[in-house]
Each structure stands twice: as C-alpha cells, then as structure tokens.
Amino acid sequence: MKQAIGIFDSGVGGLSLVPAIQERLPHEDIVYIADHGFFPYGEKSTEAVFARAKEITAELVQHNCKLILVACNTVTTQVIDELRKAYPLPFVGIEPAIKPAAATTKTGVVGVLATKGTFKSALYHQTIAQHASKIKVVEQVGEGLVEMVENDQGETEENLEVLHTLTAPLLDQGMDTLLLGCTHYPFLAPSLKKILPETVKIIDNSPAVAKQIERLLPLNTSTSKGKIRYYTTGEKKSWRGISFTALPL
Ligand code: DGL
C-alpha cells in the first residue's frame, strides 16, 4: 500500500466524510481507525482526549500515513493545535460550519447539535466570536445520538422521538439552519429531514474537508483506484456492510 490518508474518530462517525474524500481524491489510499475502545469522546476530559488522539495518530503514522484527518469535531475543537505541535505531519480537522451558516441564515438563528466536548472547547467559542457576532447561535447537546448511530437499528419511532425532542427547542427559537457538529450525526440526516420543516437547511461540510485535504496533500501520481482499510480498537465489528479489523490498542 502506498502512503495513505489516515482518518480517525471515536467510532463510525468519521465515515460520513469518506464519500466526499473518495470523490475528490479517488486515487488515495485510506486507513481508517474507529476508536471504539475509547468511545465516546464527547464526555471525556480534554486531557484524556488529547492523550488518546496522540496514541491513535502514532498508530496511523505506523501505518504509513502522510496526512491525518481528525474526523471528529470533539477532538478537532479541543486539541488539533496540540496534535499539530506533536507531529510533523499535515492535519485536517472538522468543526461546526458556523461561518457558512452565519452567511446564509435568513432568520439569523443557527442551531448547533454537538457533543459536550465540542461546546466546551475554546476553538468553538472563538469561531462564534469571529463569525457569528451578528446572529444567534442556539446549542443542543446530542444526548444519545452517537450511540444511536453506532447501534444502527434503523429509523424507529423511538429514534424519531429522540430527534424531535432534541430539535424542538432549536425550532422554537427560530432556527432555519442546523449544523451537525459531530461526524456521527450526518447518518441521522435522512431522519432529521423527515421531522424538521422543509425550510430548515442542514449544511454538509464534508466537501470542504475533502478540498482542504487536497490542498495539503503531497502530489500523488498514482492512477490506480485508492484502497481503504478499516480498523477498530474495540472488538471486531461490522457496520452497514463494512468489516473492521480489530487493532489492539
Ligand atoms: N464523532 C465525534 C465528533 O465528531 C465524537 C462522538 C463521540 O465519541 O462522542 O464529535
């Protein structure tokens, strides 16, 4: 395998970014680590998240990765700068798309669904101060949503009810744009679209992430189709037809 793009998240969430990357960079190999052994990240302390993110990055470096995509808002917003200082590799991260949302909202109210870890981060608050001073940002912790995606039991009445309960307070405050500030949540977008009014726009920032990876990648002259390998730090697992190989960490 040639040098690859290394991707990690606490679980399957980061897979929501993979189609945009494969579309833009079809010749790149990918090594994906789902850190189920340390799942979920959203409730952990910043110190614990940093220590773990360094371990996973070291593992990806062992797998011959040339760039790391931190496919997790919780890690990006809390510790991506520290990761950049710790490893001489290009890092790309993902954070709630506040800037484009602030530019396109008509009601001036943007809803953000994210983890506790993202909401407590300095980067998230800096981004709001920088790009959202003229709009109202309403926040909701997506309690139970990462587990819902990992368990993947389909669109049950119960799941729709949870999504309804979480988004109703945001709608009450006038939100017309919803940011899915956790990479697990785009897998719930079809259900969210069912329960939200058509006027609410959900912003997909995966194409922007793929574009940023392309900008930072060293030149790749390969013309063969990129391969992808999936690992989990938990027990061997299969999710939506993808088999993850266990990686003891
Ligand atoms: N998917 C991650 C994120 O983007 C973290 C979910 C979790 O483990 O809490 O924030």
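Remember, it's 1-based here, ligands and their atoms both numbered in the order they're listed. Please read all numbers here as calculations on a predicted model, not as lab measurements.
Within 4.0 Å of ligand 1, heavy atoms belong to protein residues Asp9, Ser10, Pro40, Tyr41, Gly42, Cys72, Asn73, Thr74, Thr115, Val146, Cys182, Thr183, His184.
For the pair Lys120 and Tyr124, the NZ or CZ position fails the cation-pi test of under 6.0 Å to the six-membered ring centre and within 45 degrees of the ring normal.
Scored by the side-chain hydrogen bond (donor to acceptor under 3.5 Å, both in side chains) test, Asn205 finds no partners at all (sequence neighbours excluded). Taking Thr74 as the reference, Thr115 meet the side-chain hydrogen bond (donor to acceptor under 3.5 Å, both in side chains) condition, with sequence neighbours excluded.
The stretch residues 105-119 participates, sequence neighbours left out, in these salt bridge (charged side-chain N to carboxylate O under 4.0 Å, His left out) pairs: Glu43-Lys116.
The aromatic rings of Tyr231 and His63 are tilted relative to each other, their planes meeting at an angle between 30° and 60°.
No donor-acceptor pair under 3.5 Å is formed between the side chain of Asn159 and the backbone N or O of Glu155.
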